[in-house]
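Note that the structure is predicted; figures quoted are calculated from it, not measured.
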Amino acid sequence: MTSLLDGYLVDPKISLLDKTRIQAQVLVPVLRALRAELGKDKSDAIVKQALRDWSRQLFAAIGEGIDGSPRRKWATIQSVWAEVSGKDVDFEILRHDNEGLEIDVTHCRFAEFFRALDEPELGALLICETDFDIASVGEGEVSLDRSQTIMRGAPSCTFRYKFAPRQGVDKEAN
């Protein structure tokens, strides 16, 4: 099922963490050069906007290619995303029922990598913020609240997905 993300992963034999390391090899020097030329605030704002736009468009396009309800689309992407990112995070599922899904990530190799580079905000843009873009594929049937992340220094990442009540019986939704 990882073929769903082939366009994003480029080569499915490369782990998401290794893909992220490759991205960072290019982005970190560019970001630092921009900061030297334009200042930190302006540079970070430009990079943040560019990466957020890219991620939103990417996951929206992936969602468009999936049949079914918005919740089904989210569930499909979320399942594949968990498969490719789950190898590099330790997590605990606290709740999973018709009303929501609650997960705490307790260890994150992505955060270790970006904190070692002293670029946790870049890591948050490349990895953490994509979770909201994936949730947005759920078009209001799925919402995500996350009050903290390891990337930004917290002891865990708190994923709190809420599912909108289903209208009638929807056999195709998760």
Please round to the nearest 0.5 Å and tell me the distance separating atom [atom1] of [X] and atom [atom2] of [Y].
X      : Y      : atom1 : atom2 : value
Asp133 : Arg56  : CG    : CZ    : 6.0 Å
Leu122 : Leu27  : CG    : CG    : 5.5 Å
Ile14  : Arg21  : CD1   : CZ    : 12.0 Å
Leu58  : Thr130 : CG    : OG1   : 9.5 Å
Ile150 : Asp90  : CD1   : CG    : 8.5 Å
Thr149 : Glu129 : OG1   : CD    : 8.0 Å

Using side chain to side chain contact (heavy atoms under 4.5 Å, CB included), reason through Phe163 and Leu101 one step at a time and then give a plain yes or no.
CA-CA 8 Å; Phe163 306 137; Leu101 171 63; 3.9 Å; yes
Not counting sequence neighbours, list each pair that qualifies as a ring pair (Phe, Tyr, Trp, His ring centres under 6.0 Å) and has a residue in residues 138-162.
Trp74-Tyr161
Qualifying residues under salt bridge (charged side-chain N to carboxylate O under 4.0 Å, His left out), relative to [X], sequence neighbours excluded:
X      : result
Lys87  : none
Glu121 : Arg152
Glu119 : Arg32, Arg35

Would you call Arg72 and Asp67 a salt bridge, taking side-chain N to carboxylate O under 4.0 Å as the test?
no
[X]: what forms a side chain to side chain donor-acceptor pair (under 3.5 Å) with it, not counting sequence neighbours?
X      : value
Ser156 : Gln148
Arg109 : none
Lys40  : Asp44
Ser136 : none

Backbone N or O of [Y] within a donor-acceptor pair of the [X] side chain at under 3.5 Å?
X      : Y      : value
Arg146 : Cys128 : yes
Ser43  : Leu31  : no
Ser79  : Ala75  : no
Lys73  : Gly63  : yes

Evaluate Lys19 against Ile22 for side chain to side chain contact (heavy atoms under 4.5 Å, CB included), listing each step before the verdict.
CA-CA 5 Å; Lys19 177 193 184 308; Ile22 293 166; 5.5 Å; no
For Gly153 and Arg115, which heavy atoms make the closest approach, and how far apart are they?
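Reported closest heavy-atom pair: CA-NH2, 4.0 Å.
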Which atom names give the shortest non-hydrogen contact between Pro70 and Gly138, and what distance separates them?
CB-O, 3.2 Å
Partners of [X] by side chain to side chain contact (heavy atoms under 4.5 Å, CB included), sequence neighbours excluded?
X      : value
Ala24  : Val28, Phe113, Phe114, Leu117
Asp97  : Arg95, Glu99
Gln57  : Asp53
Asp104 : Leu94, Thr158, Arg160

Just do the side chain to side chain contact (heavy atoms under 4.5 Å, CB included) check on Ile46 and Leu38 with the steps written out, would you?
CA-CA 10 Å; Ile46 291 168; Leu38 303 174; 4.0 Å; yes
Does atom CZ of Phe132 have more than 12 heavy-atom neighbours, drawn from other residues, nucleotides or ligands, at distances under 6.0 Å?
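Atom CZ in Phe132 is packed in, count exceeds 12.
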After noting the C-alpha distance and the side-chain angles of Leu126 and Phe110, does the key distance pass the side chain to side chain contact (heavy atoms under 4.5 Å, CB included) rule?
CA-CA 10 Å; Leu126 285 174; Phe110 297 98; over 6 Å; no
